[in-house]
Amino acid sequence: MPGRHSAPSSATSNRGFAKYGVVAVALFLVVGGGVVVAQKAFGSECGDPASYSLAADPAIAPVLQKIVDETSTESLGCARIEVTATESGQVSAAVAKGDDVPSLWIPDSSLWIGKTVRSTASLIDLASQSVAGTPAVLAARKDEVPFFDTWLTALKLEGLRIGNPLTNTTSDAAILGAVAEAGSDESALDSVGAALVPIAQAQAATRGEADPTVRLDDLVADGGVAVVSEQAFLAYQQDNSVELGATVPPTGSIFLNFPLAVTEPTGDRHETAKSVGTALATAIESEQGQRALSEAGFRSADNAPLDSDRGIGDVTLLTIADQQAAESTLRQYQVLALPSRTLVMEDVSGSMNYSAGADSRIALTVQASETGNRLFPDNASMGLWAFSIGLGGESQDYRELAPIRRMDEKVGNTTQREVLLQQTRTLPALVGGGTGLYDTTLAAFRTVQQGYDPDAVNSVIILTDGTNEDPDSIALDELLSTLRAEQDPSRPVVIVTIGITDDADAGVLQQISAATGGTSFVARNPAEIPNVFVNALRSRSGR
């Protein structure tokens, strides 16, 4: 579709793009003249050419193979280049470990180069900062393309098909776009973090789809919006004889820039690999190479729009102002995408019957709990306790209403999710007595710890409107010291506390959470309670 967004001139865009591509690694990468050396002069006879492996992102690997096949051995530095389609994250891990490292590497973004440099603390030579470009776009059926004013708005779209941000930059792009829009505004960055919660929880259930073709197949079949690259959008339509629509917000988009890195281990062969990489970059930049890239749907390295009105036209380049904020947001997503194993503790002491506007505190808490129930995907595990002094009989201040099970586990003729909803609705009938907070907290912590799941974030969520009123319970200092002593760093259990109204002892709740590395929240107005479930999920990023 023709472009409708303003964009800088090609020269300006290229300068901004180069800045974005190297911002994460400016102190580490050797670029420009220091690495890209003049191609050696070779004779017409190469003798027995040496072989060099090129690991390329699957999106660009086919056209690179075509360029290599159509380029003479002499023009490639008297070398045979063996192209392998490999996910960028997979190569990054291999380089970091020093295991099965390719001679040359073209990931989908310079962000992977920066991540690898930081993990190895070693320099990586670049034969080219960028051999091609393509912006991330929001694709939909032809007549169903919505308008998004920002990437943050797009992230909030229910059912957005984002893919798996843990494996490739196309799926990162929506998140990075929102981070770029936020700049250094902490409040705006906080909004991005909040928007990630439902996406990450859905990711935990589906594990995401790294292949954009699958996302586009689902889009064609069921509608909705998917994040893909412009190149994938064009290739899919050509391969499947369908017509789709695509857009980006007026703010612009993140571009994939496909740098060419020399990853051959240090030694004599490394120096030769640099020359081969430079020769390959020259072949890609040639008229024949640029024609092949364009036919495959890639823009040139200056990000100029494709010819013949293909793609989405001019797109403003979004750049990351705060690289640390971007990395922190992506790490947060990685933790959020882990499954949850959570025990929820609901206060049913007598004060929960106090009025809170048109409803009681317990009524609003039940409503909030139902909202929270919907936030957790099927592969999350959750249990429910109610607590007040003596509720469990004799000296026990808690009663188990539902043990921890997967949300989709069958329980009789229903599921754990429905059991939790049913038991949550019985809470008003249990209200009475004092607040037995400390003994219940320790018991819940130990329960979650005993059934620890190493593949999940294990946590306790406590909702209470008061302070401990059980004179026979463990003292606060002893509770805190016991939590610290029993916390196992290799099997961490996080306690998240939620104070309901100013009657809750915010200072005590904060100390309880802090003892386990958790976070504490206060809903001063009971109507705020539903939001704390989102915040409680986000707090897991401190794991």
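Fair warning: this is a prediction, and the values are worked out from it, not measured in the lab.
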Point to revise | side-chain contact (heavy atoms from CB on, under 4.5 Å), paired with Leu420, selected from Thr415, Val344, Val411, Leu384 | key: Leu384
Exercise for review: Nearest 0.5 Å please: distance from the OG atom of Ser388 over to the CZ atom of Arg399.
Suggested key: 8.0 Å
Review point. Taking Gln449 for the side chain and Glu486 for the main chain, is one N or O donor matched with an acceptor at less than 3.5 Å?
Key: yes
Review point. Judged by atom type as modelled, is there a donor-acceptor pair below 3.5 Å linking the side chain of Asn458 to the main-chain atoms of Ala456?
Key: yes
Exercise for review: Decide side chain to side chain contact (heavy atoms under 4.5 Å, CB included) for Ile462 and Thr440; before the verdict, give the C-alpha distance in whole Å, the side-chain angles of both, and the deciding distance to 0.1 Å.
Suggested key: CA-CA 10 Å; Ile462 304 172; Thr440 303; over 6 Å; no
Review point. Do Asn257 and Pro259 come within less than 4.5 Å of each other through their side chains, counting heavy atoms only?
Key: yes
Review point. Just by modelled atom types, is the Thr153 backbone N or O under 3.5 Å from a matching donor or acceptor in the Thr150 side chain?
Key: yes
Point to revise | Interatomic spacing from CG in Leu442 to OH in Tyr398 - rounded to 0.5 Å | key: 9.5 Å
Point to revise | Donor-acceptor pair, side chain of Thr435 and main chain of Ser349, under 3.5 angstrom | key: no
Practice item. Keeping the roles fixed (side chain from Ser481, backbone from Glu478), state whether a donor-acceptor pair exists under 3.5 Å. Key: yes
Review point. What's the verdict on side chain to side chain contact (heavy atoms under 4.5 Å, CB included) for Val91 and Trp112, showing C-alpha distance, side-chain angles and the deciding distance?
Key: CA-CA 9 Å; Val91 180; Trp112 287 108; over 6 Å; no
Check your understanding: Asp108 and Thr169: side-chain donor and acceptor closer than 3.5 Å?
Key -> yes
Review point. Is there side-chain contact between Asn373 and Thr424, with at least one heavy-atom pair below 4.5 Å?
Key: no
Exercise for review: Provide the closest heavy-atom pair for Gly436 versus Phe387 in the form atom of the first, atom of the second, distance.
Suggested key: O-CD1, 3.5 Å
Practice item. Report yes if some heavy atom in the side chain of Leu176 is under 4.5 Å from a heavy atom in the side chain of Leu330; otherwise report no. Key: yes
Point to revise | Under 3.5 Å: donor-acceptor pair, side chain of Thr263, backbone of Pro102 | key: yes
Review point. Less than 4.5 Å apart, any side-chain heavy atom of Ser103 and any of Arg269?
Key: yes
Check your understanding: Any side-chain heavy atom of Asn353 sitting closer than 4.5 Å to one from Ile362?
Key -> yes
Check your understanding: Backbone N or O of Met382 within a donor-acceptor pair of the Gln416 side chain at under 3.5 Å?
Key -> yes
Review point. How about Leu401 and Leu430: do any of their side-chain heavy atoms sit closer than 4.5 Å?
Key: yes
Check your understanding: Measuring from Ser340:OG to Ile461:CD1, what's the distance to the nearest 0.5 Å?
Key -> 8.0 Å
Check your understanding: About how many Å separate OG of Ser351 and CG of Asp465, when rounded to the nearest 0.5 Å?
Key -> 3.0 Å
Indicate every side-chain donor-acceptor pair of residues 92-99 with a distance under 3.5 Å to a residue at least two apart or in another chain.
unit_1	atom_1	unit_2	atom_2	d
Ser92	OG	Thr116	OG1	2.8

Review point. Tyr438 versus Asp470: any side-chain heavy-atom pair under 4.5 Å?
Key: no
**Study point:** Pair Asn468-Ser473, side-chain donor/acceptor within less than 3.5 Å
**Key:** yes
Check your understanding: If you look at every heavy atom in Leu216 and Ala232, which pair is closest and at what distance?
Key -> CD1-O, 4.0 Å
Point to revise | Chi angles and distances behind the side chain to side chain contact (heavy atoms under 4.5 Å, CB included) call for Arg446, Thr482 | key: CA-CA 11 Å; Arg446 287 172 170 170; Thr482 302; 3.7 Å; yes
Check your understanding: Can you check side chain to side chain contact (heavy atoms under 4.5 Å, CB included) on Thr365 and Ile500, steps first, answer last?
Key -> CA-CA 9 Å; Thr365 300; Ile500 300 173; 3.5 Å; yes
Point to revise | Non-hydrogen atoms of Thr447 and Arg341 that approach each other most closely | key: O-NH2, 4.2 Å
Exercise for review: Find the distance between CG (Leu260) and CG (Leu54) and round it off to the nearest 0.5 Å.
Suggested key: 7.0 Å
Practice item. Quick one: pull up CG in Leu427 and CZ in Arg425 and give me the separation to the nearest 0.5 Å. Key: 11.0 Å
Practice item. Over all heavy atoms of both residues, which pair between Val227 and Arg215 is shortest? Give the atoms and the distance, please. Key: O-NH2, 2.7 Å
Exercise for review: Locate the shortest heavy-atom distance separating Gln90 from Thr86; write the atom from each residue and the value.
Suggested key: CD-CG2, 3.6 Å
Review point. Just by distance, do the side chain of Ser191 and the backbone of Ser187 share a donor-acceptor pair under 3.5 Å?
Key: yes
Exercise for review: Return the minimal non-hydrogen interatomic distance between Ala173 and Ala136, and the atom names on each side.
Suggested key: CB-CB, 3.3 Å
Practice item. Determine yes or no for a side-chain-to-main-chain donor-acceptor pair under 3.5 angstrom, with Ser110 supplying the side chain and Ile113 the backbone. Key: no
**Study point:** Donor-acceptor contact present, side-chain Trp151 to main-chain Gly252, <3.5 Å
**Key:** yes
Review point. Do Ser369 and Glu346 get their side chains close enough for a donor-acceptor pair, meaning under 3.5 Å?
Key: yes
Check your understanding: Among side-chain atoms of Thr497 and Ser513, is any donor-acceptor pair under 3.5 angstrom?
Key -> yes
Review point. Does the side chain of Ile175 reach to within under 4.5 Å of the side chain of Ile162, using non-hydrogen atoms?
Key: yes
